[in-house]
Each structure stands twice: as C-alpha cells, then as structure tokens.
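Report on the following structure.
Since we're looking at a predicted model, the values are computed, not measured.
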There are 2 protein chains.
Amino acid sequence: MSQDSPIDRRITRTKAAIREALAACVNEAGFDDLSVKDITSRAGINRGTFYLHYHDKSELMQQIQAEVILEIERIILASAPMRLADLADRVTPLPVVVCLFSYLRENAALINALLKQKGDVAFHSQIRCALERNLREVGFLAGTEPEQFQVPANYLISYVLSAHLGVLQEWLQTGCRESPEEMARILTKLSLDGPVRTMATG
Amino acid sequence: MSQDSPIDRRITRTKAAIREALAACVNEAGFDDLSVKDITSRAGINRGTFYLHYHDKSELMQQIQAEVILEIERIILASAPMRLADLADRVTPLPVVVCLFSYLRENAALINALLKQKGDVAFHSQIRCALERNLREVGFLAGTEPEQFQVPANYLISYVLSAHLGVLQEWLQTGCRESPEEMARILTKLSLDGPVRTMATG
DNA sequence: CAGATAATCAACGCGATGTCCATTAAATTT
DNA sequence: AAATTTAATGGACATCGCGTTGATTATCTG
C-alpha cells in the first residue's frame with residue numbers, strides 16, 4: 001500500500017533511520033564536513049550497512065530529494081489545476097499553497113537540510129525541473145505564449161523559484177513561527193504586487 | 001596603491017593563481033568533489049604552498065567571498081544613494097544596477113563558482129548580511145518603518161535577495177547573453193510589477 | 001520451521017588531508 | 001650589487017574517511 005519494492009521491514013527501518021539522521025546531522029553540523037560515519041552512528045547502524053543501500057553521500061541526497069519532490073508533486077496534482085486567472089482574482093491564497101506549507105512544516109528538518117545543500121546535487125535545480133515541467137503541462141506556460149512575456153521566460157522562472165525557496169528557507173530556519181496560511185498570504189502578496197509595492201505602507 | 005598588507009609580489013601572484021584556478025575548477029567539476037590538489041595543480045603551484053596562505057578549502061572560499069563582497073559594496077557606495085522614490089519613478093533601470101552587472105560579467109567565472117556553493121560557507125548568507133546592513137544605513141529600511149510593511153521585513157528581504165541572486169545565476173550559467181542594461185531592466189520590471197503581472201502579455 | 005537476506009564486524013587498499021623540514025628561488029633592504 | 005629576508009618547492013609523514021570484501025549473526029518472509 002505504501003511502498004512497492006522494499007517489502008522487508010529491515011530495509012524500511014534502516015532507510016528511515018538514515019533519513020532522519022541525515023536531517024539531524026545536516027541541521028546541526030552542515031553538509032560539507034559530514035562523514036558517512038557521522039550519519040550512521042547517529043542512525044544507530046553499522047557504517048557498512050549504509051553502503052548496502054547507497055553508493056555514497058551524494059546518492060543518498062539525490063534519492064531523498066526525489067522522494068520529497070514526488071510527494072510535493074502529489075500534493076500539487078491532488079488539487080484543482082490552477083490558472084493565472086485564479087491568482088489574479090483572489091486575495092486569499094490558494095489552498096494548494098497552504099497544503100504545501102503544511103507538508104513542508106511537518107518535514108521541516110529534512111526540507112531545511114535539503115535546501116541548505118547547493119553543491120553538486122542541488123535540490124534547487126531538481127525542483128526547477130519539476131516546476132518547469134508542471135508549468136508547461138498543467139498551467140501557466142501552456143496558456144500563454146512565453147515569447148510574449150515582458151521578460152525572458154527563463155529569468156521569470158528563476159526569479160519566482162528562487163524567491164519562493166528563499167522565503168521558505170527563511171521560514172524553516174526561524175522555526176516556522178508563522179502559520180502555513182500566513183506564509184501563503186505573504187508569498188501571494190509578494191508575487192502579485194511585487195516586492196517594491198509590497199514595501200509601501202498601508 | 002592597490003594593496004596594503006601583501007607587499008611581496010610572490011604572494012600576490014600565488015593568490016591570484018589560486019583564485020583563478022578555483023573559479024575554473026568549480027565551474028567544470030563542482031565544488032564538493034574538489035581537492036586541494038586539483039586547485040593547486042591547476043594553478044601551477046605546489047600543494048604545500050596552498051597551506052601557506054589558507055588553512056583549508058573553506059577558508060579560501062570565505063576570503064574570496066569577502067573580497068568580492070567588498071568590491072560590490074564599493075560599487076554601490078560609489079554611486080548616488082538610492083531611495084524608494086527613485087525606483088518607483090523611473091522605468092529605466094538604475095545606473096548602479098547596470099554597473100553591478102558589468103562587474104559581475106567581468107568576473108563571471110568566479111561569481112558563478114561562489115554562487116554554486118551553498119554549503120557551510122554560503123555566499124548567499126554573507127551577501128544577505130551585507131545587503132541588510134546597507135539597506136539599514138543607506139536607504140530603504142531607514143526611511144520606512146519595517147513594522148508597516150505588508151509582510152514581515154525578513155521575508156521581504158529573503159524574497160528580493162533570493163530572486164535577484166537566482167536571476168543572476170541563471171544569467172551567468174547561460175553565458176551572459178543579455179547585456180547588463182537588459183538584465184537591469186528585467187530585474188527592475190520584475191520587482192516593480194511583480195512576477196505575476198510581468199507574465200501578462202503586453 | 002526452513003530458507004532467504006539484511007545487518008554486523010573486522011579488515012583492507014586507496015586517496016586526500018594538514019603538517020613538517022631542508023632546500024631552492026625570488027623578493028626586498030642595505 | 002651584495003646581503004638578507006622570506007616565499008615557494010619537493011618530499012615525507014601520520015591521520016582520516018572512503019568504498020569494498022568476506023565471514024558471521026540476526027531477522028524477516030513464505
């Protein structure tokens with residue numbers, strides 16, 4: 001029901017322990033100077049066991065990233081398809097965004113760990129691919145011709161994606177003090193009116 | 001005239017070689033799997049010489065980051081102090097921004113290398129500190145009370161900073177095809193009208 | 001229960017690290 | 001120009017983390 005390939009409970013337990021240990025270790029010690037031994041000893045497993053499931057640290061990151069992105073895509077696809085008009089009409093944030101922030105808060109430690117790492121295996125770029133694909137299939141970019149944008153499409157995507165991930169990371173690193181609804185409102189406000197207008201009082 | 005502490009030309013040469021080698025190596029092989037030997041052999045110096053100037057790879061990154069940030073601050077301070085009104089009035093981008101993009105393009109390889117790395121020593125966070133400090137001293141945040149913003153100030157800063165760095169990185173990684181003036185226009189447009197409105201045709 | 005297989009433990013070669021020293025080369029100072 | 005200072009070199013060293021292997025034990029599935 002939940003998984004297909006790993007039937008054995010031992011694998012499930014081990015992978016879960018590694019996953020949790022990774023989040024904890026990265027958040028308290030960073031990723032660069034983080035050895036496999038750090039992760040496994042934190043997870044309470046043998047170092048050799050790690051290599052039974054992953055070739056190295058990078059592959060571990062990539063697999064967990066893929067899992068998280070899959071989960072995010074499921075949340076997005078589960079909601080009603082959004083259109084540009086929906087955003088422009090409402091002042092209240094989209095329900096999807098609220099759902100996303102709820103999920104992200106539940107897995108705050110892990111997500112924060114993934115966002116911290118921007119080296120060779122970048123969560124950022126993987127999300128960008130997923131986002132760009134979804135934009136083409138589902139919504140925005142399909143409706144409007146990218147050539148008619150007032151700025152090149154790639155820069156628009158970079159702008160939005162980086163901005164949102166930056167706000168998300170700030171939220172996670174400051175302990176998720178605001179509610180998911182408030183965060184959705186903030187992002188909607190910023191993207192609709194732009195940061196300069198948002199800075200104006202009132 | 002140019003430097004004060006390192007009088008010896010050999011130090012200058014060595015550091016410049018390391019700096020250039022770092023940019024080249026990171027851009028073609030990434031930062032995580034990059035050894036000191038890779039850098040030094042590329043720079044044409046002995047491996048031991050590296051440790052005469054830096055304790056390790058992280059310190060190298062931090063020092064170069066500090067140098068670049070200093071240079072950026074000099075460019076900003078050399079221009080007229082900007083105000084919120086200047087941004088809202090003009091459609092044409094600020095000259096400072098154009099100057100900045102020119103400098104960034106001249107050092108494209110190095111800047112791109114710094115932006116790629118988001119691990120323990122993050123260019124991102126260092127720039128954020130510098131930006132926040134400048135905003136308080138020089139411009140925006142000094143004029144307007146942060147409490148009156150429509151969203152918390154820290155999220156606004158995160159939004160703008162991440163968005164701009166994201167666009168900058170996209171520009172650098174795609175070979176700086178657009179001119180500095182065009183990039184300044186794009187960023188001004190996006191921040192003034194917001195990404196959603198910018199997406200509208202016309 | 002029996003068979004399958006995941007996890008453990010110890011050990012291995014390998015490469016990178018950071019440090020040290022004697023020597024050489026190049027800078028600055030007199 | 002000579003003398004002095006000091007950066008750079010090349011080699012060596014112990015240490016550490018990596019990724020792998022094989023034999024053994026523990027645990028799961030059917």
Can you identify which nucleotide, out of [options], has its nearest atom closest to the [X] side chain?
X: B:Val36; options: D:dT9, C:dA6, C:dG18; result: C:dG18
X: B:Arg9; options: C:dC9, D:dC28, C:dA27; result: C:dA27
X: B:Asn46; options: D:dG10, C:dG18, D:dA7; result: D:dG10

Starting from [atom2] on [N], measure out to [atom1] on [X] and report it in whole angstrom.
X: B:Ile7; N: D:dA7; atom1: CD1; atom2: P; value: 10 Å
X: A:Arg13; N: D:dT27; atom1: CZ; atom2: P; value: 8 Å
X: A:Ile45; N: C:dT8; atom1: CD1; atom2: P; value: 6 Å
X: B:Leu52; N: C:dA22; atom1: CG; atom2: C1'; value: 14 Å
X: B:Lys57; N: C:dA16; atom1: NZ; atom2: C1'; value: 10 Å
X: A:Arg10; N: C:dT8; atom1: CZ; atom2: C1'; value: 12 Å
X: B:Arg47; N: C:dC20; atom1: CZ; atom2: P; value: 14 Å
X: B:Phe50; N: D:dA7; atom1: CZ; atom2: P; value: 17 Å

Presence of [X] side-chain N/O under 4.0 Å of [N] phosphate oxygens OP1/OP2:
X: A:Thr14; N: C:dA7; value: yes
X: B:His55; N: C:dT19; value: no
X: A:Tyr51; N: D:dT20; value: no

Are more than 12 heavy atoms, taken from residues, nucleotides or ligands other than A:Gln173, located less than 6.0 Å from that residue's CD atom? yes

Any chance CD of B:Glu182 has more than 12 other-residue heavy atoms, nucleotides or ligands included, within less than 6.0 Å? yes

Judged by each residue's nearest nucleotide on DNA chain C, which is more toward the 5′ side, A:Thr49 or B:Tyr54? A:Thr49

Decide yes or no on salt bridge (Lys or Arg N to Asp or Glu O under 4.0 Å) for B:Glu181 and B:Arg185, but give the supporting numbers first. CA-CA 6 Å; B:Glu181 289 80 9; B:Arg185 185 193 71 82; over 6 Å; no

Yes or no on side chain to side chain contact (heavy atoms under 4.5 Å, CB included) for B:Val36 and B:Tyr54, after CA distance, side-chain angles and deciding distance? CA-CA 11 Å; B:Val36 173; B:Tyr54 310 98; over 6 Å; no

Decide side chain to side chain contact (heavy atoms under 4.5 Å, CB included) for A:Phe101 and A:Val97; before the verdict, give the C-alpha distance in whole Å, the side-chain angles of both, and the deciding distance to 0.1 Å. CA-CA 6 Å; A:Phe101 270 100; A:Val97 185; 3.8 Å; yes

